[in-house]
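See structure below.
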Amino acid sequence: MRDNGSTSTGTRMIALVGNPNSGKTTVFNALTGLRQKVANYPGVTVERHVGTVRLADGVDCLVLDLPGTYSLRASSPVEAIAVDVMLGRAAHTPPPDLIVCVVDAGNLERNLFLVSQIIDNRLPVVLALNMVDVAREHGVVVNTHRLEKELGIPVVPMVATTGVGLDELRRAMAATPALSPRAREWTLPEPVHRELEELTGMLVGSGKFSEAAAFNEAIDLLTSHPSALEQTDRFDPAILDHVRIDHQKLDFLGFDRESVAATARYAWIRQVVARSIDRVAHPGISRTDRLDRILTHRVWGLVVFLLLMALMFQSIFSWATAPMELIAEGFDALGRGVSGLMPPGPLHDLIINGAIAGVAAVVMFLPQIMFLFFFLTLLEDTGYMARAAYVMDRLMGRVGLPGKAFIPLLSSFACAIPGIMSARTIERERDRVATMLIAPLMSCSARLPVYTLLIAAFIPSTTILGVLSLPALTMFGLYLFGVVVALAIAWVVKRTLLRSPKTELLLELPPYKLPSLKSILLTMWERAVVFLKQAGTIILGASIIMWFLVSYPALENATPSQQIEHSFAGRAGKFVEPAIEPLGFNWKIGIGLISSLFQREVFVSTMGTIYNLQNAEGGGSSSLASRMREDVDPLTGRPTFTLPIALAVLVYYVLAMQCLSTVAIMRRETNGWKWPAIQFATMTGLAYAAAFIVYRVGTAMGGS
Ligand code: GDP
Ligand code: MG
């Protein structure tokens with residue numbers, strides 16, 4: 001019995017489920033606002049979003065935003081999480097007290113498939129009939145009351161983006177719905193039905209399943225591919241043997257066994273939908289179709305895509321300047337303030353030159369990172385991303401990757417970790433590995449600080465053709481370079497190590513939508529918190545360690561630059577100098593390369609620490625960029641950075657695998673060291689070669 005749905009912890013738990021893109025996250029955000037937390041499911045790196053909602057009865061409940069799924073038979077590890085939680089099979093999450101199934105009103109038939117399975121499992125469920133605005137635009141008006149009657153569950157029409165229906169949803173969630181003991185209304189062909197009854201009986205008899213659960217397990221077993229029976233350990237061998245015989249019988253009788261249940265279910269759903277839709281007008285060619293003609297056009301689609309990307313980088317670059325300067329000034333003021341409060345000495349230096357300078361150098365880039373996420377979320381939420389994937393499919397196909405690979409690659413522009421994880425949606429193992437292999441070549445947000453610092457220091461801020469700024473263009477070029485190299489690698493591996501035939505593009509183009517500002521702002525906020533947390537922990541720690549490594553062992557009566565050279569870090573830099581000299585890199589850049597081996601943006605904080613120490617020499621409070629520009633070796637008189645050297649460093653960071661987390665996630669996702677090793681070696685080798693070429697060619701062309 002459910003005692004008013006309370007779990008062992010006493011707090012009711014509500015799970016949000018539904019097809020991908022039905023609006024779960026929007027509903028979740030609307031319900032919980034800022035009262036939410038992101039963590040990972042244990043063992044897998046799928047983000048687990050939990051929030052708190054106050055229901056109409058004044059009780060606080062936990063809400064869980066589950067990954068999207070089309071049915072209760074999971075076809076990917078991510079979907080499996082949603083299914084396991086719903087069915088109460090997950091070890092980490094108690095069975096939900098209520099399921100809120102978010103349904104896209106414009107795609108009722110497909111969405112009701114999952115709903116009907118939930119109903120068959122007798123799970124307490126409320127249907128959030130979302131996107132009624134879009135449906136209406138397409139001439140579809142759902143009669144909510146009739147749908148409630150047909151399904152036997154509460155239905156709440158809503159528009160999650162504007163908050164319409166939210167109060168009603170809260171009310172429906174408070175009144176835990178009574179489970180109406182309704183008979184299943186879709187029917188199977190008689191012989192299938194007979195086997196199903198028999199198998200259900202056996203499963204109930206085994207004592208492990210309730211009647212409803214047993215029935216659904218039985219359907220799954222009867223309609224599964226024979227190989228699925230080998231892989232499961234949830235059933236007794238005797239039952240599996242029985243199922244094998246059933247398979248043979250039904251196959252012999254000529255049933256399309258694996259789809260027989262889905263077909264029957266859909267037949268019923270079609271009736272339900274036909275009875276519940278009031279008016280279906282034909283709106284002619286919709287706005288969506290008209291837009292798609294251009295945006296998915298062979299040529300124009302690509303042109304628009306490239307223009308949008310260029311615009312995105314242009315604005316990330318220019319809009320972020322003012323807030324970035326503000327942050328820099330803030331940290332300067334903080335440094336001066338703290339400096340005034342403390343007597344000179346090692347602790348003073350540690351705090352000013354180590355901690356504050358290092359963290360400031362990285363936190364500066366918060367605005368750019370937030371703008372990047374603003375654009376990525378905007379493209380995703382308007383529905384444009386799917387078009388971009390469509391446009392890119394032709395390109396991806398040419399290098400042997402499926403169009404679906406585009407999505408993991410695109411999210412890798414934010415960070416390779418979620419990118420690599422979202423490759424799980426790619427069915428074929430070889431395509432999946434190839435995609436993961438090239439994902440870290442997409443310039444992630446950790447590279448942004450490195451790019452910006454070097455560009456600001458060495459690329460003159462002139463404009464070309466009156467509108468495009470050279471720095472923004474350079475930035476765009478770096479991103480493009482990563483993409484081109486990635487595609488080239490994909491082309492090679494898909495013809496050698498990972499050869500496989502091409503897959504068809506199965507991509508649904510969702511209707512265009514007005515994005516919800518709230519969702520976008522929440523995403524930006526979430527990323528800002530993650531970024532600042534990192535700055536406050538890893539970067540802070542690295543900066544302090546770096547300060548020690550450049551300050552000790554101390555050299556008496558030395559200038560700051562002699563001191564750095566004499567230090568542990570300086571010695572390490574000197575040690576690797578012979579190896580990187582062919583690239584034009586001296587030992588100072590060597591320190592940056594070593595310190596950022598595990599995390600790219602540490603390069604920037606390291607430069608911040610080194611040049612802040614050194615700045616004491618010349619006095620003045622010039623920017624890090626200008627200090628780097630002016631730095632010369634006191635002995636040889638050679639500058640540390642020239643334009644070719646700066647470009648070589650940039651190219652190096654585009655290609656090199658300076659990220660420990662990516663190596664770790666690759667190991668986990670591919671179950672071994674083979675692919676991460678190949679990836680690391682390839683990327684580092686290419687980075688070295690490319691930096692070498694850029695430096696040599698650049699110097700030969702007279703840029704010194
Ligand atoms: P999820 O994949 O189920 O989490 O779906 P999301 O919550 O990310 O929503 C997908 C897209 O649909 C986003 O762009 C939302 O802004 C948009 N969206 C969600 N609900 C509605 C709605 O009721 N009306 C409209 N017009 N758009 C919506
Ligand atoms: Mg979502």
Side-chain angles (χ1 to χ4, degrees), residues 14-33 36 38 46-51 63-71 76 78-79 81-82 85-86 99-108 110-111 113-115 127-142 144 155-169 286-288 291 373-389 407 410-411 414 418 422 424-425 507-524 526-527:
I14 297 172
L16 277 178
V17 306
N19 292 9
N21 268 316
S22 56
K24 291 175 300 301
T25 303
T26 314
V27 173
F28 176 75
N29 288 339
L31 285 174
T32 61
Q36 49 173 276
V38 190
V46 175
E47 282 188 349
R48 183 182 201 264
H49 294 256
V50 191
V63 187
L64 197 59
D65 182 16
L66 289 178
T69 179
Y70 292 106
S71 80
S76 73
V78 182
E79 283 187 21
I81 290 178
V85 170
M86 266 192 270
I99 291 175
V100 172
C101 190
V102 182
V103 159
D104 174 356
N107 271 312
L108 257 191
R110 199 196 57 202
N111 279 253
F113 193 83
L114 175 65
V115 176
L127 196 158
L129 185 67
N130 193 30
M131 303 196 186
V132 290
D133 56 334
V134 185
R136 181 164 300 136
E137 220 172 273
H138 289 252
V140 177
V141 175
V142 181
T144 315
V155 174
V156 182
M158 61 185 304
V159 181
T161 34
T162 58
V164 170
L166 212 58
D167 288 337
E168 289 81 355
L169 181 63
S286 68
R287 252 187 328 178
T288 292
L291 259 177
F373 279 100
F374 172 80
F375 278 106
L376 288 179
T377 319
L378 189 70
L379 292 182
E380 171 106 49
D381 279 7
T382 50
Y384 177 74
M385 212 69 119
R387 273 76 189 180
I407 307 279
L410 204 69
S411 46
S422 62
R424 286 179 186 170
T425 56
L507 194 74
E508 185 192 342
L509 295 182
Y512 290 100
K513 301 203 183 80
L514 224 51
S516 128
L517 190 62
K518 187 167 176 185
S519 282
I520 295 179
L521 291 181
L522 268 172
T523 307
M524 288 169 71
E526 220 172 86
R527 292 301 144 178

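Whatever order the structure lists ligands and atoms in, that order sets their numbers, starting from 1. Quick note: numbers below take in every heavy atom, side chains included, and nothing from hydrogens, waters or symmetry partners.
Taking only nitrogen or oxygen atoms, main chain and side chain alike, Gly23 reaches within less than 3.5 Å of ligand 1. Below 3.5 Å of separation, one finds no N or O of Val27 facing any N or O of ligand 1. Between Thr26 and ligand 1, at least one pair of N/O atoms sits closer than 3.5 Å. Taking any N or O of Val159, backbone or side chain, none lies under 3.5 Å from an N or O belonging to ligand 1.
Residue Asn130 approaches ligand 1 through these ligand atoms, each under 4.0 Å from one of its heavy atoms: 19 (C), 20 (N), 21 (C), 22 (C), 23 (O). Every atom of ligand 1 with a heavy atom of Ala160 under 4.0 Å away is listed here by number and element: 20 (N), 22 (C), 23 (O). Residue contact check: Val134 has heavy atoms under 4.0 Å from atoms 25 (C), 26 (N) of ligand 1.
Contacts between Thr25 and ligand 1, counted as non-hydrogen atom pairs separated by less than 4.0 Å, involve both the backbone and the side chain. With a 4.0 Å heavy-atom cut-off, ligand 1 is reached by the backbone of Asp381 and by its side chain too.
Counting non-hydrogen atoms of other residues, nucleotides and ligands closer than 6.0 Å to CG of Leu521 gives a total above 12.
Side-chain contact between Thr161 and Leu514 is absent, with no heavy-atom pair separated by less than 4.5 Å. Residues Lys24 and His49 fail the side-chain proximity criterion, which asks for heavy atoms closer than 4.5 Å. Considering only heavy atoms from C-beta on, Asp104 stays 4.5 Å or farther from Asn19 through its side chain. Using a 4.5 Å heavy-atom cutoff, the side chains of Leu291 and Arg387 are not in contact.
Within the 4.0 Å heavy-atom shell around ligand 1 one does not find Gly68.
Rounded to the nearest 0.5 Å, atoms CZ (Phe375) and CD1 (Ile520) are 10.0 Å apart.
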Discussion item. Checking Leu108 against Leu129 for the side-chain contact (heavy atoms from CB on, under 4.5 Å) test, could you report, in this order, the C-alpha distance in whole Å, the side-chain angles of both residues, the deciding distance, and whether it holds?
Written reply: CA-CA 9 Å; Leu108 257 191; Leu129 185 67; 4.0 Å; yes
